[in-house]
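First up is the structure itself, then whatever we jot down about it.
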Amino acid sequence: MKIAITAHGEDCQATVDTRFGRADYFVIYDQEKAAWETIANTQNLEAAHGAGIQAGQSLARTGAGVLITGHVGPKAFKVVNAANITIYSLGTESGTVQAALEAFLAGKLSTITAPKP
């Protein structure tokens with residue numbers, strides 16, 4: 001399974017980003033390969049509208065099954081849900097991508113079941 005985490009940087013030591021649609025990067029951990037990959041979200045950083053929808057579409061193309069982020073807006077939530085990606089809240093996590101992954105694997109993160117406007 002691939003686990004995507006919104007981040008301010010390009011690797012597992014980057015600080016997590018609580019934004020989804022305008023996150024700087026998606027850092028993705030592939031459990032099967034025990035490998036990291038990074039997807040830049042630059043096309044959405046300055047978008048006037050639709051950043052969440054476009055980010056959701058980009059994320060769906062990666063094959064991720066899990067998204068760890070701070071909050072997801074209504075339109076992005078629809079896109080991510082339609083792609084069968086389970087969304088988890090960072091909760092009080094404000095550290096690194098690696099720490100967020102470890103919290104998820106330890107069962108410490110809760111699912112996001114509704115969008116935040």
Side-chain angles (χ1 to χ4, degrees):
M1 174 173 55
K2 290 184 178 182
I3 303 163
I5 303 163
T6 53
H8 287 291
E10 299 182 47
D11 61 33
C12 65
Q13 295 307 312
T15 305
V16 294
D17 193 335
T18 59
R19 305 167 301 168
F20 171 66
R22 297 189 192 281
D24 295 324
Y25 298 94
F26 299 117
V27 179
I28 302 169
Y29 181 70
D30 186 328
Q31 284 184 300
E32 291 178 20
K33 296 179 181 176
W36 294 93
E37 79 176 284
T38 302
I39 305 296
N41 192 36
T42 51
Q43 78 277 6
N44 294 317
L45 293 179
E46 301 298 326
H49 300 287
I53 293 170
Q54 291 178 44
Q57 292 168 340
S58 293
L59 184 62
R61 285 191 293 271
T62 70
V66 167
L67 166 64
I68 301 171
T69 191
H71 57 83
V72 179
K75 293 177 184 174
F77 187 84
K78 238 182 205 180
V79 172
V80 173
N81 260 355
N84 294 317
I85 299 170
T86 306
I87 308 167
Y88 287 84
S89 173
L90 287 165
T92 59
E93 294 294 321
S94 61
T96 65
V97 167
Q98 180 70 44
L101 175 66
E102 289 170 7
F104 167 75
L105 294 174
K108 295 180 180 178
L109 303 182
S110 59
T111 56
I112 296 176
T113 57
K116 290 186 181 178

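Quick caveat, the model's predicted, so the values are computed rather than measured. Just so you know, these numbers use all the heavy atoms, side chains as well, and skip hydrogens, waters and symmetry mates.
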As an exercise, state the distance from [atom1] of [X] to [atom2] of [Y], rounded to the nearest 0.5 Å.
X: Gln54; Y: Arg22; atom1: CD; atom2: CZ; result: 9.5 Å
X: Ile87; Y: Leu109; atom1: CD1; atom2: CG; result: 13.0 Å
X: Tyr29; Y: Glu102; atom1: OH; atom2: CD; result: 10.5 Å
X: Ser110; Y: Leu90; atom1: OG; atom2: CG; result: 10.0 Å

Going by heavy atoms in the side chains, are [X] and [Y] under 4.5 Å from each other?
X: Thr38; Y: Asp11; value: no
X: Phe20; Y: Leu67; value: yes
X: Gln31; Y: Ile3; value: yes
X: Arg61; Y: Ile39; value: no
X: Phe26; Y: Thr6; value: yes
X: His8; Y: Arg19; value: yes

Problem - Phe104 and Tyr88 aromatic ring geometry - parallel, tilted or perpendicular at 30°/60° bounds - result: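 Ring orientation, 0 to 90° scale: perpendicular.
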What pair of heavy atoms forms the shortest contact from [X] to [Y], and how long is it?
X: Ile5; Y: Val16; value: CG2-CG1, 4.0 Å
X: Ala14; Y: Ala7; value: CB-CB, 4.2 Å
X: Ile28; Y: Ala4; value: CG1-CB, 3.9 Å
X: Ala60; Y: Ile85; value: CA-CD1, 4.0 Å
X: Tyr25; Y: Ala40; value: CD2-CA, 3.6 Å
X: Asn41; Y: Ala55; value: OD1-CB, 4.0 Å

Exercise for the section: Only counting residues at least two apart or in another chain, list the ones meeting ring pair (Phe, Tyr, Trp, His ring centres under 6.0 Å) with Phe77. Expected result: none
Problem - Whether Thr18 side chain and Gly70 backbone form a donor-acceptor pair below 3.5 Å - result: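 Looks like no, no N/O pair under 3.5 Å.
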Practice task
Using modelled atom types only, decide if a donor and an acceptor are shared between the side chain of Thr62 and the backbone of Ala64 within a distance under 3.5 Å.
Solution key: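 Such a contact is found between Thr62 side chain and Ala64 backbone.
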Exercise for the section: Under the side-chain contact (heavy atoms from CB on, under 4.5 Å) rule, what do Met1 and Val66 come out as? Steps first, then yes or no, please. Expected result: CA-CA 8 Å; Met1 174 173 55; Val66 167; 3.5 Å; yes
Exercise for the section: Take Ile112 and His71, measure what side-chain contact (heavy atoms from CB on, under 4.5 Å) needs, and give me the verdict at the end. Expected result: CA-CA 8 Å; Ile112 296 176; His71 57 83; 5.7 Å; no
